[in-house]
Amino acid sequence: MGDLFRGYGATLQPKPHAPAPAYDEMFAGSAHGSDAPEPRAPYRDLHAALGQMTQAELRGRTEALESSYLAQGVTFDFAGEERPFPLDAVPRVIEADEWVDLEAGVKQRVRVLEAFLADSYGPQNAVRDRIVPASVIASSKHYHRQAHGIVSANGVRIHVAGIDLIRDETGIWRVLEDNVRVPSGVSYVISNRRVMAQTLPELFVSMSVRPVGDYPYRLLQALRASAPMGVEDPTVVVLTPGVLNSAYYEHTLLARLMGVELVEGRDLFTSGGHVWMRTTSGPTRVDVIYRRVDDEFLDPLQFRADSVLGTPGLLNVARLGNVTLANAVGNGVADDKLIYTYMPDLIRYYLGEQPIIPNVDTWRLEDPDSLDEVLDRLDQLVVKPVDGSGGKGLVVGPAASKKELETLRAKLIDDPRGWIAQPVVQLSTIPTLVEDGMRPRHSDLRPFAVNDGDDIWVLPGGLTRVALPAGQLVVNSSQGGGSKDTWVLGRETVPLTGAHDVSAITVDQATNTTSIPFVRADANAARDQALVEAAAVGPQHSPEEEPGGHHQQVQQQQQSSDGDDGLRFRQQHQHQQQARTWEGGDAPAHSAISDPAACARIVKRRASGEDGRGDKC
């Protein structure tokens, strides 16, 4: 037997500021202080397999994971340094019955968020019935009146949702926050599964781990289902802010796996009440845009006039019902952490149900009594800005200095609506290999849900994020966190046979894309021909017509926050050199290329001054 878990139980002790020890996912509570902790039932096979390894053996596998990520270009920017995204070799395991409840809770959450958004940009019945104050909705930073009246053909506003869950000290799952603007991180899930299937292939079969490879197909089908009325074979594109955006790798990966074009705002233009994509064979009408650009940058005619990331006129076309924007503009009001506090009441109001997954207890600081209580207990609580993401602006009271608490106190008094407060929850821990051996580290879980209008499908597992520094409760990669593969167990064990080789398991687990139809260049040719002729005589709006457009684009790509845990394309320094090459002049229109390897070759040609500027990654 290896020494991997030696001394682990002794580390499962409550912190000085915590009333109880964190719930450990792998080991039962009776293991606290024990040198030989007893694994929980879902982890027994995994624990037995890991127990045969030494730390050196597991470190070797972990280093292989890092090498694989470097080879793929899956890195992230931490404190100005490009690093392979930390993937721990010990996965989170969720048993089948437990996942049934989590899945139902996530579906319920998406349904109520859909109902709330439809109501907020419609009749506002919840305001009339005094469930949510009108001032809370109207004062939200991401409530956009420009989105009023824009609804996709099938009525879906949340095509993709990321619901952040935590497990508290008693083992109860709770919703930490909702993400229905441009939730990111699913590329981690797919990439993590591919390398883990090669690292521990035998366990995927013996433990009957449910695969995640269906996600691109499910997403594509949901996007196609939201197409404008009368469009039977819609053209779907992924709209990216560009190569300098931190989640660019995810954009390229999803476009490639769905078999659709990856475009930037300058590749699109509006004319004749439709959206068009520039291609080498002429304009092609676009029906569905899976946009990974923030609302504020999406349409310079409606939001930021200086934006060069979006396309002028997009919202007008969407309002006409001739293009679907996924996710819908204005969804950010549902991400507001003050709105989060009303979700239990909204579930009862809209759905007539009790919440399946409860919230974390939260103080609304607009209430004077709550504000006074929070100010008195500031050093005991976690305080968050209502529009924050990626752990930015969050203050953990017990870990904050007196100066930080005094600065925070002034902010709360000045703008109570801009903040919420919560008790310090000891997020559950999972064994994680760090410098001094296998140690418990705090984690959360982001399941991804895809809504096609008829059904809400939840990806089995999701993104487990883990805080690598000891005692750290903020799990975001921007704060030095890493990730784990998330294994949801099936109800039946699959016997290990010769047919289950490593390559077959990898394909089955993470790259099941055989059912995704290829986009045919001539699929919509007949429909588009008449529209092309009309577009030829109409105005063609494009950000690249503006002086200095590309210099602004470089800055805005970095500002645009596509989620809080984006992946970064490894050749960033080459993109920056490309940006310097184009300074002082407008970048030409490009054909779209979604393959990361092809993009890397093109960027190299650009950086060296060779041909390649006519193509766009």
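- For H142, there are no ring pair (Phe, Tyr, Trp, His ring centres under 6.0 Å) partners two or more places apart in sequence or in a different chain.
- Of the possible donor and acceptor atoms, one in the side chain of Q124 sits under 3.5 Å from a partner among the backbone N and O of S120.
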Step by step, would you call N316 with T270 a side chain to side chain donor-acceptor pair (under 3.5 Å)?
CA-CA 9 Å; N316 286 336; T270 60; over 6 Å; no
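- Side chains of R145 and Y143: no donor on one and acceptor on the other come within 3.5 Å.
- Test V317, L268, V263, V236 against I289 for side chain to side chain contact (heavy atoms under 4.5 Å, CB included) and you get one pass: L268.
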Stepwise side-chain contact (heavy atoms from CB on, under 4.5 Å) test for L257 and I190:
CA-CA 11 Å; L257 292 180; I190 297 171; 4.1 Å; yes
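- Using a 3.5 Å distance cut-off with no hydrogens or angles, the side chains of N154 and S226 do not pair a donor with an acceptor.
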Evaluate the side chain to side chain donor-acceptor pair (under 3.5 Å) criterion for residues N451 and E114: first the C-alpha distance (whole Å), next the side-chain angles of each, then the deciding distance (0.1 Å), finally the verdict.
CA-CA 10 Å; N451 185 5; E114 282 277 12; 3.0 Å; yes
Verdict with supporting geometry, W487 and D485, side chain to side chain donor-acceptor pair (under 3.5 Å):
CA-CA 6 Å; W487 294 5; D485 197 11; 2.9 Å; yes
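- In this structure, R218 does not pair ionically with D452, as no charged nitrogen and carboxylate oxygen lie closer than 4.0 Å.
- Taking 4.0 Å as the cut-off between side-chain N and carboxylate O, R109 and D178 count as a salt-bridged pair.
- Residues P358 and W173 have side chains not in contact (no heavy-atom distance under 4.5 Å, counting atoms from C-beta outward).
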Evaluate the salt bridge (charged side-chain N to carboxylate O under 4.0 Å, His left out) criterion for residues D295 and R291: first the C-alpha distance (whole Å), next the side-chain angles of each, then the deciding distance (0.1 Å), finally the verdict.
CA-CA 9 Å; D295 290 353; R291 52 102 180 189; 2.7 Å; yes
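- Residues Y121 and H144 keep their aromatic ring centres 6.0 Å or farther apart.
- When all heavy atoms of L176 and Y340 are compared, the pair lying nearest together is O-CE1, 3.4 Å.
- Electrostatic pairing of R348 and E353 does not count as a salt bridge here, judged by no charged N lying under 4.0 Å from a carboxylate O.
- D299 approaches L315 most closely through the heavy-atom pair OD2-N, 3.0 Å.
- Across P211 and P460, no two heavy atoms sit closer than the pair O-CG, 3.8 Å.
- Under a 3.5 Å cut-off, the side chain of R224 and the backbone N or O of L219 do not form any donor-acceptor pair.
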Apply side chain to side chain donor-acceptor pair (under 3.5 Å) to residues R157 and S152 and explain how you reach the verdict.
CA-CA 7 Å; R157 295 175 184 271; S152 65; over 6 Å; no
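- With sequence neighbours excluded, no residue satisfies salt bridge (Lys or Arg N to Asp or Glu O under 4.0 Å) with K384.
- Side-chain contact between S139 and R417 is present, with heavy atoms from C-beta onward closer than 4.5 Å.
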R193 vs V209, test: side-chain contact (heavy atoms from CB on, under 4.5 Å). Steps then yes/no.
CA-CA 11 Å; R193 180 58 55 86; V209 179; 3.9 Å; yes
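- For the pair N192 (side chain) and Y188 (backbone), a donor-acceptor distance under 3.5 Å is present.
- Atom CG of N125 and atom OH of Y349 lie 4.5 Å apart (nearest 0.5 Å).
- Within the 3.5 Å criterion, the main-chain N or O of V180 finds a donor-acceptor partner in the side chain of N331.
- Classification of D267 and R278 as a salt-bridged pair fails, no side-chain N sitting under 4.0 Å from a carboxylate O.
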Under the side-chain contact (heavy atoms from CB on, under 4.5 Å) rule, what do V156 and T324 come out as? Steps first, then yes or no, please.
CA-CA 10 Å; V156 174; T324 298; over 6 Å; no
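- Of the possible polar contacts, none joining the E177 side chain to the I163 backbone as a donor-acceptor pair under 3.5 Å is found.
- Judged by distance alone, with hydrogens and angles left aside, the side-chain atoms of R174 form a donor-acceptor pair with the main-chain N or O of N359 at under 3.5 Å.
- Looking only at distances, a side-chain donor or acceptor of T252 sits under 3.5 Å from a matching main-chain atom of Y249.
- Between F269 and W276, the angle of the ring planes stays under 30°, which puts this pair in the parallel group of the 30/60° scheme.
- Side-chain contact between V275 and T311 is absent, with no heavy atoms from C-beta onward closer than 4.5 Å.
- Side-chain atoms of N245 do not come within 3.5 Å of backbone N or O of T240 as any donor-acceptor pair.
- Scanning both residues, I158 and N327, for their nearest heavy atoms gives C-OD1, 3.9 Å.
- Although no hydrogens or angles enter the test, the distance criterion places a donor-acceptor pair under 3.5 Å between the side chain of N322 and the main chain of G273.
- For the pair L262/H251, a side-chain contact is recorded, criterion being any heavy-atom separation below 4.5 Å from C-beta on.
- From F204, atom CZ reaches atom CZ of R210 across 14.0 Å, with rounding to the nearest 0.5 Å.
- Under the rule for a ring pair (Phe, Tyr, Trp, His ring centres under 6.0 Å), Y342 has no partner lying at least two apart in sequence or in another chain.
- Smallest separation of non-hydrogen atoms from I150 and R319: CD1-NH2, 3.7 Å.
- Taking every heavy atom of both residues into account, K484 and R92 meet most closely at CB-N, 4.4 Å.
- Contact of the V238 side chain with the V260 side chain is registered, since non-hydrogen atoms from C-beta on lie closer than 4.5 Å.
- Of the possible polar contacts, one joining the T486 side chain to the G462 backbone as a donor-acceptor pair under 3.5 Å is found.
- Within the model, atoms CG of L489 and CH2 of W99 stand 11.5 Å from one another, a figure rounded to the nearest 0.5 Å.
- A heavy-atom distance below 4.5 Å is not found between the side chains of R285 and T235.
- Annotation: the span from L314 atom CG to L301 atom CG amounts to 9.0 Å, rounded to 0.5 Å.
- By the 4.5 Å heavy-atom criterion applied to side chains, F448 and V189 are counted as neighbours.
- Here the NE2-OG1 distance, from H274 to T284, works out to 13.5 Å after rounding to the nearest 0.5 Å.
- Between the CG atom of L223 and the CG atom of D287 there is a distance of 12.0 Å, given to the nearest 0.5 Å.
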Hey, mind stepping through V360 and I166 against side-chain contact (heavy atoms from CB on, under 4.5 Å) and telling me if it holds?
CA-CA 9 Å; V360 175; I166 61 169; 3.8 Å; yes
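- Residues V186 and L463 form no side-chain contact, since every pair of their non-hydrogen atoms from C-beta on lies 4.5 Å or further apart.
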